[in-house]
A.B. asks: 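After the structure tokens below, expect a handful of questions from me.
Start at 1 and go down the list; that is how both ligands and their atoms are numbered.
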Amino acid sequence: MPATAELERMLRGASLRVTRPRVAVLAAVHDHPHADTSSIIGAVREEIGAVSPQAVYDVLRVLTDAELVRRIHPPGSVARYESRVGDNHHHLVCRSCGAITDVACAAGAAPCLTAADDHGYAIDEAEVIYWGVCPACSTA
Ligand SMILES: [Zn+2]
Ligand SMILES: [Zn+2]
């Protein structure tokens with residue numbers, strides 16, 4: 001996990017005020033890639049004690065809007081958060097246990113944003129999910 005000073009630098013770099021909940025949530029997302037909100041709340045509580053779920057939701061939204069955190073939402077799963085942003089990586093999701101694994105973009109930098117036909121939309125994100133069964137589940 002990045003040092004607190006590093007997390008504070010990230011917040012300031014995104015023009016965000018440094019607060020304890022923001023630092024704790026950012027640390028939790030760095031420590032637990034693809035964690036859902038309830039795991040993040042648990043990690044934040046271990047770090048700074050009592051904090052309301054709503055406060056964590058609010059911080060996650062601020063961090064996501066500032067692009068310090070990326071929100072992914074595989075169909076059939078709750079929203080997950082990760083600190084690996086801006087590289088257009090994709091995800092492997094296990095149909096059996098729900099494990100999520102990062103996978104580098106197949107063709108380089110954000111090619112999927114260039115749709116064959118954008119139908120006039122201003123496209124800003126393409127989320128690719130590869131569904132399958134993870135090694136642990138397929139040998140079980
Ligand atoms: Zn699995
Ligand atoms: Zn990821």
A.B. asks: Can you see whether His91 engages Glu82 through a side-chain donor-acceptor pair at a distance of less than 3.5 angstrom?
C.D. replies: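 Their side chains do contain a donor-acceptor pair, which is all the 3.5 Å distance test asks for.
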A.B. asks: To the nearest 10°, how many degrees is the angle His89 NE2 to the Zn ion (ligand 2) to Asp102 OD1?
C.D. replies: 90°
A.B. asks: Within the side chain of Arg71, is there an N or O that forms a donor-acceptor pair under 3.5 Å with the backbone of Ala79?
C.D. replies: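 Checking the backbone N and O of Ala79 against the side chain of Arg71, no donor-acceptor pair under 3.5 Å is found.
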A.B. asks: Kindly give the heavy-atom pair with the smallest separation between Ala104 and His89, and that separation in Å.
C.D. replies: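 Shortest heavy-atom separation between Ala104 and His89 comes out as CA-CB, 4.4 Å.
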A.B. asks: Looking only at N, O or S atoms, find the one in Glu82 nearest to the Zn ion (ligand 2) and name it.
C.D. replies: OE1
A.B. asks: In Å and rounded to the nearest 0.5 Å, what is the CG to CZ distance from Leu63 to Arg70?
C.D. replies: 15.5 Å
A.B. asks: Looking at CG of Leu16 and CD of Glu8, how far apart are the two atoms once the value is rounded to the nearest 0.5 Å?
C.D. replies: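 The CD atom of Glu8 is 12.5 Å from CG of Leu16, to the nearest 0.5 Å.
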A.B. asks: Looking from the Zn ion (ligand 1), what is the angle between SG on Cys137 and SG on Cys134, to the nearest 10°?
C.D. replies: 100°
A.B. asks: So, His34 and the Zn ion (ligand 2): N/O/S under 2.8 Å, yes or no?
C.D. replies: yes
A.B. asks: Quick check: of its N, O or S atoms, which one does His91 have closest to the Zn ion (ligand 2)?
C.D. replies: NE2
